[in-house]
Amino acid sequence: MKQTRVVDLFLNIVRPWKFSPEVLTYIILLAAAIPTAYTGASGIFVIAAGAVIYKEVYASGARRQYALAATAMSGSLGVVLSPCLLVVVIAALNKEVTTSLLYDKGIQVFLLSSTMFLIASLIIAKDKFKLAKPSIALPESARAFVPVSPYIVIGLIVVMVYRFILDTKLDEFTAPMILPFIMLAVVWFDKIRREPAAEVAPEIQERRIGFEEGVRVATNDTIGHIGALIMLMALSVSVGGVIERSGLMDSVPHTFDNIYLAVTILVGLLVFVGMVMDPFGAVILVSATIAPVAYNNGIDPVHFWMIVLTAFELGYLSPPVALNQLLTRQVVGEKEMDEADAEVRHLSFYYKYERWVLPVIVMAPVLLIVAYLPLFFYAK
C-alpha cells in the first residue's frame, strides 16, 4: 500500500467536501476498517497507511495530538470484521465458536465503536459541522472517483479469476492466498501509471520507482516488520507460557457468585493482557486459561470473545505498552511527535495527552457496553 497511490486517491474523493477534522476522521476510520480486517491485525494497517492518515487529518485543521490519536485508532476498529485472521485463530482454538458467528456480532461492535468515536469527537470539537456546497463538492468527488475505479476493477478481476476459473471464493481462509496477487496487480498498474514527480511530496518520492524495484523495496521493508512481529509474538507466547505455568491463573476462582462479578474480573484481566501482549499470543493465552473460566460461569462464548477483542483494542491503545501508539510514533517520526508535544505544552491536561486520552474515552465505554449490555438478555 505504501508503494501505491490508493490511499491518496481515495482521500481525493473526500477532500472536496471540506469536512471538519472530526467528521473526516470518522469517514477515514470507517474506510480503514476494511483493509484492517484484510491485513489481519490493527498494527499492520497503522504501519501501511498511518503516515498518510496523520498528514490528511492534520491538514484538515485538526490538532496534531488529535491526528495522532486518529492514526493510532485507524487500525483498531476493523479487527472484528470479516475476514480478520485474528477471528479465524480464535475459532480454530475454540470449538464453542465459529467465524460466521463472531463476524456477525463483530459488525455490531464495529458500528458501536465507530459511532462512539464520532460522538466523542463532536462533543470535544469546537467547530462541530462543516460541509462544502454539494453542488460544488459532488462533481469534484465524482471526478476523483474515476482514478480510483481501475484499482477496484483490478481487484475484482483477480477475485473473479479465482472464483470462476480456479473455483476458489474469497473468504477468511483463502484471503492470505488471494490478496498477494491483488496487491501485486495493483502495484503493477500503479507503476505503469506513474504519477508526475511534481505531484509527489519529497517524503514519498520512492513511490515513483519501477514495479520490480517497488516490490523489492516493499518486500525488504516487510521483512523487518515481519521479523519484529514474529519476535514480539514469540516473546508474548513465552510470557503467556510463564503466566500459565506459574499457576497465577489458578488463583482466579473458576466460579463466581454471579455472572456480573465474573465479567468484571475477566474484563480487567483482558485489558491488562492487551496492554502487554500482541494479539495472537494473547489469544493463545486467553484460550488456554481465561476462556474456560468464562464458559464455566455461564458467559456465552460469542459474547466472551467480543469482550476479548474489544478489551484487546483498548489495551493496544493504552499504556504502558500501547502497541498501536508505538507504531504511530514510528510511522510519523520523532520530529512530528516533538512538535505535537510543543504545540500543547501550555494547554490543559486533556489537550496535552489527547493522543492517549481520546482512544480511552472512546473504547472504554464501548467495552463496558459490549461486556454488560448482553447480560441483561441471557444472564440467569
Side-chain angles (χ1 to χ4, degrees), residues 1-17 19 23-40 42 44-53 55-57 74-75 77-85 103 106-107 110-111 114 134 137-196 199-200 204 207-211 214-215 218 222:
M1 292 182 69
K2 289 172 68 175
Q3 285 293 325
T4 70
R5 292 176 289 168
V6 171
V7 177
D8 278 335
L9 292 176
F10 166 76
L11 290 172
N12 285 339
I13 301 175
V14 180
R15 287 173 182 133
W17 293 92
F19 291 113
V23 175
L24 175 64
T25 304
Y26 173 69
I27 294 172
I28 291 175
L29 292 184
L30 291 180
I34 297 175
T36 298
Y38 275 91
T39 51
S42 56
I44 297 173
F45 182 77
V46 174
I47 293 172
V52 176
I53 290 174
K55 175 184 174 183
E56 193 64 28
V57 174
S74 64
L77 305 187
V79 294
V80 292
L81 301 178
S82 176
C84 183
L85 180 61
Y103 289 139
I107 294 174
F110 167 70
L111 293 175
S114 58
L138 191 58
E140 293 185 14
S141 289
R143 286 192 293 270
F145 182 78
V146 175
V148 178
S149 56
Y151 297 91
I152 300 173
V153 172
I154 288 171
L156 291 175
I157 290 174
V158 176
V159 171
M160 292 300 103
V161 168
Y162 269 92
R163 180 69 182 89
F164 296 106
I165 298 179
L166 301 177
D167 194 24
T168 303
K169 65 178 182 179
L170 178 64
D171 56 26
E172 63 268 26
F173 303 106
T174 61
M177 176 177 60
I178 299 176
L179 282 176
F181 289 96
I182 294 177
M183 291 308 302
L184 283 171
V186 166
V187 172
W188 171 79
F189 178 77
D190 192 84
K191 296 306 181 184
I192 64 174
R193 292 185 61 190
R194 189 177 304 175
E195 55 197 321
E199 298 179 9
V200 185
I204 54 175
R207 265 194 340 214
R208 300 194 70 256
I209 59 181
F211 173 72
V215 172
T222 303

Could you tell me whether the side chain of [X] and the main chain of [Y] form a donor-acceptor pair under 3.5 Å?
| X | Y | answer |
| --- | --- | --- |
| S74 | L29 | no |
| T168 | L166 | yes |
| S141 | L138 | no |

For [X] versus [Y], what's the shortest heavy-atom pair and its separation?
| X | Y | result |
| --- | --- | --- |
| V187 | F211 | CG1-CD1, 3.9 Å |
| K191 | I209 | CD-O, 3.1 Å |
| R193 | P150 | NH1-CG, 3.7 Å |
| F145 | I13 | CD1-CD1, 3.7 Å |
| S82 | A37 | O-CB, 3.7 Å |
| N12 | A144 | O-CB, 3.4 Å |

Mind checking the [atom1]-[atom2] spacing from [X] to [Y]? Nearest 0.5 Å is all I need.
| X | Y | atom1 | atom2 | value |
| --- | --- | --- | --- | --- |
| I34 | L81 | CD1 | CG | 8.0 Å |
| L11 | R5 | CG | CZ | 13.5 Å |
| E56 | F10 | CD | CZ | 10.0 Å |
| W188 | I154 | CH2 | CD1 | 7.0 Å |
| T36 | F110 | OG1 | CZ | 9.0 Å |
| L156 | L170 | CG | CG | 10.5 Å |

Report yes if the side chains of [X] and [Y] come closer than 4.5 Å at any heavy-atom pair, otherwise no.
| X | Y | answer |
| --- | --- | --- |
| Q3 | V186 | no |
| P83 | D171 | no |
| W17 | V23 | no |
| V158 | V161 | no |

- Query: If we ignore angles and hydrogens, is there a donor and acceptor under 3.5 Å between the side chains of Y162 and D167?
  - Reply: no
